[in-house]
Amino acid sequence: MPQKVRLLALPTEILGITLHLCTSSQLLSIRQVCRAINSLAEPIIFSTISFDLRRSLEVTADQVKSLAEGKTKARFYARRLVIELTQASDQQIKIEGHPPVLQIKRYLVQALTSLKNVRFVILATMLGSPDWIIDGFSRFISQIPLLEGLQITAILVELPPLPGLQNIRSLSLAVGRDFLQIISAVINKAPMLTSLSIDSRGDAASLNDIFDNLVEPRRLLRLNLHEAILDLSENALQHLRSLRALWLSGGTFNEPTDLEENQHADDWELDDEEELRDHAPVLVDQIKQIRPKSTAFWTTLYRECILLEELHVDSADHALFEYIASYTGLQDLRLPGVDGVRRALVDHLADYFYTHALPKHITTLERLCLVSTHTSTWVFGPNTSSLISQCHNLRYLQIGWNAKDSNAKKYLYEIMDLSATLPLLNDLTISYSYPRSTRDIRQFSKFRCAEIYDTLACSLLPRYGPIDPQEHLHCIQVRRMKWKLVQHGDTWRYNYVSTRNIHGHGGGWVEDD
């Protein structure tokens, strides 16, 4: 008779690991088993405190009062605090005579100051948020001795000057260019800062503006910039010499380029067949003479031996690929939107990347995203297959697929075969590349293409085989469709499970529109 294993006989460390794998609802049930289990579950349940005024003022009012009066152990276990305001909640919270509002206003500061062990704080607010909430938040921040991370999203809201944060290591600010002085002041008072994320909300701020007033060099390891001007003065450069991870989206380079003079709106309207007839060799020859305006930025990184291990860039050019080809050691590379004015430009970039850049990193890459929005040799094909199959350390892969290609079925099945040969791969996303005629304002055409490609994928994937359940992934993603490996008698097949509704990228894999 098999011996029964008592749950509490397991080592505390094993129990803790098991509980961390449970969902919030599961933890709420498990904690009722006994006092011993509850003592292990409580620190996990209360590790994050969320004041979500979008949901219910009454719930938030009760939370605030319980914390202020010391009626909950959450004040001991909370390591992460989230305060979320939206336009809808702002309108409600302005009703001064509303009982929940009065209760929140009365107890908020006392509740916040009770959270002495918080390590990470998130504030999301916008125009119209009451001053007493912002002021209370500012006073709270100055009193947290162990704070290591701060994330603020403030849309059209004037934040008060933030205090010096001696222990902060991670700072994320989406506050707009008008608050650059506040950003610079906060960075200046954060000597331990290693991770910085800045979104200037449509008003491009330059790296020089951000770092101009810093007195002592920072040892930044991670930098995430959205809509920034990527200029590198010597003053800005001194804070980036230890950089290991760089995320760039919507950025511009403060430098002239010949490429812009070669852009014509009509070029976007050409179908692939028209481009192939339109002097492609001449275009490629011209492309090779173009000096991308990012040249100075990437050349400076190489010259200063800033060799990145993690690189996410939403627009690519020859200068970027020359930088990638200049060293080895990339672990995470994401290029989610490779595109160009002409098909010939994208094909030229793909040829250079697959010939000179990617081979330098095949032994170290763990995460790889290669997606071209529109059809080109950048998408999956014979060249990509042979190289990616050598990336034996890959854990995550996102690759583009041209469903309009005459070999679409063959290439889709080759992607599936490839995923089975990579021993560590546990996440595969297949994205679509659309005809160039769907560019620009023709969104309906693009959506229609996506529907057609979804139908094609739905007809091909269930017929894919043979499948080895020990080698093939149990779940894959095709655009927004999730597919799961299911056994049918003696055979295994991929079955459609669900479709995700994507509202933003969030730093995760890029989703098709």
Side-chain angles (χ1 to χ4, degrees), residues 169-170 193-197 207 217-225 230 232 236-249 251 253 292 294-338 349-372 378 380 383-400 418-419 421-429 507-510:
R169 287 171 168 76
S170 175
L193 191 66
T194 59
S195 177
L196 178 63
S197 176
L207 283 174
R218 297 294 178 267
R219 190 174 178 273
L220 285 178
L221 300 177
R222 302 178 64 87
L223 181 61
N224 185 340
L225 297 174
L230 302 172
L232 279 179
L237 190 59
Q238 66 176 331
H239 308 289
L240 306 179
R241 288 198 167 92
S242 298
L243 203 63
R244 289 295 173 264
L246 179 62
W247 293 45
L248 299 176
S249 59
F253 298 88
S294 65
T295 299
F297 180 82
W298 297 113
T299 301
T300 301
L301 292 189
Y302 174 69
R303 186 185 68 238
E304 298 295 328
C305 293
I306 301 174
L307 308 180
L308 299 169
E309 297 173 357
E310 183 177 330
L311 180 58
H312 299 205
V313 185
D314 69 351
S315 61
D317 57 32
H318 199 276
L320 167 65
F321 291 158
E322 283 186 331
Y323 167 75
I324 295 175
S326 67
Y327 72 103
T328 60
L330 262 175
Q331 298 174 15
D332 188 335
L333 175 62
R334 304 192 200 184
L335 304 170
V338 178
L349 290 175
D351 180 64
Y352 186 90
F353 176 80
Y354 289 120
T355 304
H356 303 286
L358 185 59
K360 290 293 189 72
H361 307 277
I362 56 175
T363 60
T364 56
L365 276 171
E366 297 179 6
R367 301 173 67 93
L368 181 62
C369 170
L370 302 175
V371 177
S372 177
W378 188 259
F380 184 85
N383 295 336
T384 59
S385 177
S386 59
L387 278 174
I388 296 176
S389 65
Q390 301 175 53
C391 299
H392 296 298
N393 290 316
L394 270 187
R395 299 177 183 275
Y396 304 95
L397 173 63
Q398 182 174 9
I399 194 74
L418 173 64
S419 68
T421 65
L422 298 172
L424 301 180
L425 192 70
N426 54 31
D427 194 326
L428 172 65
T429 296
W509 292 118
V510 174

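Residue numbers start at 1 and run along the sequence shown.
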- Out of Ile362, Leu368, Leu365, which residue meets the side-chain contact (heavy atoms from CB on, under 4.5 Å) rule with Leu330? Leu365
- Message: Going by side-chain contact (heavy atoms from CB on, under 4.5 Å), name the residues that satisfy it together with Asn426, two or more places apart in sequence or in a different chain.
- Response: Arg395, Tyr396
- Any residue meeting ring pair (Phe, Tyr, Trp, His ring centres under 6.0 Å) with Tyr323, in chain and number order, not counting sequence neighbours: Trp298, Tyr327
- Item | Partner set under ring pair (Phe, Tyr, Trp, His ring centres under 6.0 Å) for His392, not counting sequence neighbours | none
- Message: According to side chain to side chain donor-acceptor pair (under 3.5 Å), who are the partners of Gln390, at least two apart in sequence or on a separate chain?
- Response: none
- Query: Residues in side-chain contact (heavy atoms from CB on, under 4.5 Å) with Thr384, at least two apart?
  - Reply: Tyr354, Phe380, Ile388
- Any residue meeting salt bridge (Lys or Arg N to Asp or Glu O under 4.0 Å) with Glu310, in chain and number order, not counting sequence neighbours: Arg222
- Message: Minimum heavy-atom separation for Leu387 and Pro359, please, with both atom names.
- Response: CD2-CG, 4.0 Å
- Task: Report the residues that fulfil side-chain contact (heavy atoms from CB on, under 4.5 Å) with Thr194, sequence neighbours left out, ordered by chain and then residue number.
- Result: Arg169, Leu221
- Message: Applying side-chain contact (heavy atoms from CB on, under 4.5 Å), can you list everything that pairs with Glu322, at least two apart in sequence or on another chain?
- Response: His318, Tyr352
Hey, can you pull the donor-acceptor pairs under 3.5 Å for the side chains in residues 300-308, sequence neighbours left out?
{"from": "Thr300", "atom 1": "OG1", "to": "Ala296", "atom 2": "O", "distance (Å)": "2.6"}
{"from": "Glu304", "atom 1": "OE1", "to": "Arg241", "atom 2": "NE", "distance (Å)": "3.3"}
{"from": "Glu304", "atom 1": "OE1", "to": "Arg241", "atom 2": "NH2", "distance (Å)": "3.3"}

- Over all atoms of both residues, closest heavy-atom pair of Val371 and Ile399: CG2-C, 4.5 Å
